[in-house]
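Only one structure is covered here, and it is reproduced in the block below.
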Amino acid sequence: MEKDSKVFVAGHRGMVGSAIVRELERQGYNNIIVRTHKELDLCNQQAVNDFFAAERPEYVFLAAAKVGGIVANQSALADFMYDNMMLEMNVIHAAWKNGCKKLEFLGSSCIYPRMAPQPMKESCLLTSELEKTNEAYALAKISGLKYCEFLNKQYGTDYISVMPTNLYGPNDNYHPTHSHVLPALIRRFHEAKEEGAPSVTCWGDGSPLREFLYVDDLANLCVFLMNNYSGDETVNAGTGKELTIKELAELTAKVVGYNGKIEWDSSKPNGTPRKLLDVSKATALGWTYKTELEDGIRLAYDDFLHNHMRAER
C-alpha cells in the first residue's frame, strides 16, 4: 500500500477495526475511508455495491462482524450465521467486482475444530467438528475465508485472511452478558470492588486454556500482512502463549485491585478445553507480538475506566 492509497476499513467502530485505523494513521496512511452502520448497512447488498462502485477503494480490511461470547452465540445462532455471512459475502464480492487490489479478511480462531491438535496450525481447518457453542459464527467465518481463497484460484485476486486468537484492548465490548471472557472479567471484578462484594462467581471450573492478543498488536500484524503476505491459506495471529481461565481471573482481579474470593460455577459451560494457535507462520514472515498480557490488561482496564464507564454515565 502507498501512503495515499484509498483504504476502506469495514467495521471501524469495533475493537479490531478501530485498532486498524489507529495503526494505519500511526504509519502515515492518509486516505482511509470509513462508514458507520447507519451510513452503510453491510448486510444490504445493493447499498454495498453502490458504495464500492462510487468509492472504488484499492485496499479493504474486512473487520466488521457480529460478535459475542458464549451466551450471545448460543442465544442467537441464526442471527450470528446470517448477519456474518451476508456482510462478508457482500463486501468481498463487491470488492472483487470493483477491482479492489487487495482485501484482508478477519476471522477468528473458533474456525478451528474443537479437538484440533494443539497448538493449532492453519492446516487443521475443516479436519474435524467445530465447537457447538459458536458453530454458527465459525461456519460464517470459514465461508468468508474460503470465498477469498476461491476468488484467488478462479479469478487471480490477492485476497488474504488472518485468524486472531482471543482479543482484548481499547474499544472492547463490556456488556454484562454478551461480552467475551476478558472484558467480562474486567467489568465483574471492577463492579465487585466498587460494591465491596466478598466474592465473585465465574463460569465453568477455570480449567480451559486460552491465549490472548492485545488488539493493537493484531492491527500491526494486519497492516504488515497487507504489505508482506499473499496466499490462499490463512495466517494465525496470536502470542503462542496460554494460561488457564482461573489464572486469567486471578491476574485480572490483581490488575483491577479486587481482593475478594473467586468462586467457580461448574454447572456453567467451559467452552473449548484448549485453544492455542501455532504462530510459526507469522513469525517466519518476520512478525511477533509486543504487549505482554498483564501490561495489556492494565491498558484495557484504563480504557474501561476512562471511556466505557464514562459513556455509560
Side-chain angles (χ1 to χ4, degrees), residues 14-20 22-23 63 65 67-70 72-73 106-112 116 118-120 131 133-134 137-138 141 162-175 178-190 202-222 234-256 258 262 270-283 287-304 308:
M15 178 172 62
V16 173
S18 60
I20 290 173
R22 282 197 302 276
E23 182 64 19
V67 297
I70 290 177
N73 271 276
L106 273 290
S108 162
S109 58
C110 73
I111 64 165
Y112 293 124
Q118 304 284 329
M120 297 182 286
E131 162 64 33
T133 54
N134 53 27
Y137 181 71
K141 286 296 185 181
V162 55
M163 293 302 125
T165 187
N166 298 290
L167 300 169
Y168 69 100
N171 214 13
D172 208 339
N173 171 22
Y174 294 95
H175 190 278
H178 293 167
S179 57
H180 288 104
V181 61
L182 186 41
L185 289 173
I186 287 174
R187 179 175 190 133
R188 194 168 297 172
F189 287 128
H190 172 77
C202 297
W203 275 35
D205 61 13
S207 67
L209 289 157
R210 291 293 183 271
E211 171 188 24
F212 295 88
L213 179 66
Y214 189 62
V215 73
D216 286 58
D217 287 355
L218 170 67
N220 180 259
L221 173 62
C222 288
T234 189
V235 179
N236 286 338
T239 63
K241 296 179 180 180
E242 62 186 343
L243 77 169
T244 65
I245 294 296
K246 182 175 184 290
E247 290 170 327
L248 177 71
E250 291 167 352
L251 182 59
T252 305
K254 173 188 167 186
V255 170
V256 170
Y258 175 70
I262 302 173
N270 272 329
T272 307
R274 189 184 185 202
K275 281 206 308 187
L276 178 66
L277 293 181
D278 183 319
V279 295
S280 57
K281 189 171 179 180
T283 304
W287 184 87
T288 189
Y289 79 100
K290 298 179 181 68
T291 310
E292 295 297 346
L293 185 56
E294 185 169 341
D295 296 331
I297 294 174
R298 290 188 191 284
L299 291 167
Y301 184 47
D302 185 66
D303 176 71
F304 171 77
H308 186 81

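The model shown is predicted, which means the values in this text are computed figures rather than measured ones. Excluded from the calculations below are hydrogen atoms, water molecules and symmetry mates; all remaining heavy atoms, backbone and side chain alike, are included.
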Practice task
Report the C-alpha separation of K290 and N220 in whole Å, then their side-chain angles, then the decisive distance to 0.1 Å, and conclude whether the side-chain contact (heavy atoms from CB on, under 4.5 Å) test is met.
Solution key: CA-CA 10 Å; K290 298 179 181 68; N220 180 259; 3.3 Å; yes

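- Panel note: side chain E242, backbone G240; no donor-acceptor pair is recorded below 3.5 Å.
- Of the possible donor and acceptor atoms, none in the side chain of N171 sits under 3.5 Å from a partner among the backbone N and O of V16.
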Handout entry: Pair I245-S207, side-chain contact (heavy atoms from CB on, under 4.5 Å): steps then yes or no
Key = CA-CA 6 Å; I245 294 296; S207 67; over 6 Å; no

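- Taking A65 as the reference, V67, N84, Y137, K141 meet the side-chain contact (heavy atoms from CB on, under 4.5 Å) condition, with sequence neighbours excluded.
- Ion pair E294/R298 flagged as a salt bridge, since at least one NZ, NE, NH1 or NH2 atom sits closer than 4.0 Å to an Asp/Glu carboxylate oxygen.
- Counting all heavy atoms, side chain and backbone alike, P164 lies closest to L277 at C-CD1, 4.0 Å.
- At least one donor-acceptor pair under 3.5 Å links the side chain of R187 to the backbone N or O of Y174.
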Problem - Test log, rule side-chain contact (heavy atoms from CB on, under 4.5 Å), inputs R22 and D216 - result: CA-CA 8 Å; R22 282 197 302 276; D216 286 58; 2.8 Å; yes

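- Residues passing the side-chain contact (heavy atoms from CB on, under 4.5 Å) test with L243, sequence neighbours excluded: F212, E247, L248, L293.
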Practice task
Report the C-alpha separation of Y112 and T234 in whole Å, then their side-chain angles, then the decisive distance to 0.1 Å, and conclude whether the side-chain contact (heavy atoms from CB on, under 4.5 Å) test is met.
Solution key: CA-CA 11 Å; Y112 293 124; T234 189; 3.5 Å; yes

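- Of all heavy-atom pairs spanning G169 and D303, the tightest one is O-OD2, 4.2 Å.
- The aromatic ring centres of F304 and H190 sit less than 6.0 Å apart.
- Residues satisfying the side-chain contact (heavy atoms from CB on, under 4.5 Å) criterion with T239, sequence neighbours excluded, are E211, L213, K241, Y289.
- Among all heavy-atom pairs drawn from G238 and W287, the shortest one is O-CZ3, 4.0 Å.
- In this structure, the separation between CZ on R274 and OG1 on T244 is 12.0 Å, given to the nearest 0.5 Å.
- Side-chain N or O atoms of D172 include none that pairs as donor or acceptor with a backbone N or O of P183 at under 3.5 Å.
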Handout entry: Intermediate values then yes/no, salt bridge (Lys or Arg N to Asp or Glu O under 4.0 Å), K254 and E250
Key = CA-CA 6 Å; K254 173 188 167 186; E250 291 167 352; over 6 Å; no

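- Residues P170 and Y214 approach most closely at CD-OH, 3.3 Å, considering heavy atoms.
- In terms of heavy atoms, F189 sits closest to C202 at CZ-SG, 4.4 Å.
- Looking at N236, its side chain never comes within 3.5 Å of a backbone N or O of A282 through a donor-acceptor pair.
- In terms of heavy atoms, A237 sits closest to L218 at CB-CD1, 3.7 Å.
- Side chain of N270 to main chain of D205: a donor-acceptor pair is present (N/O by atom type, distance under 3.5 Å, no hydrogens or angles).
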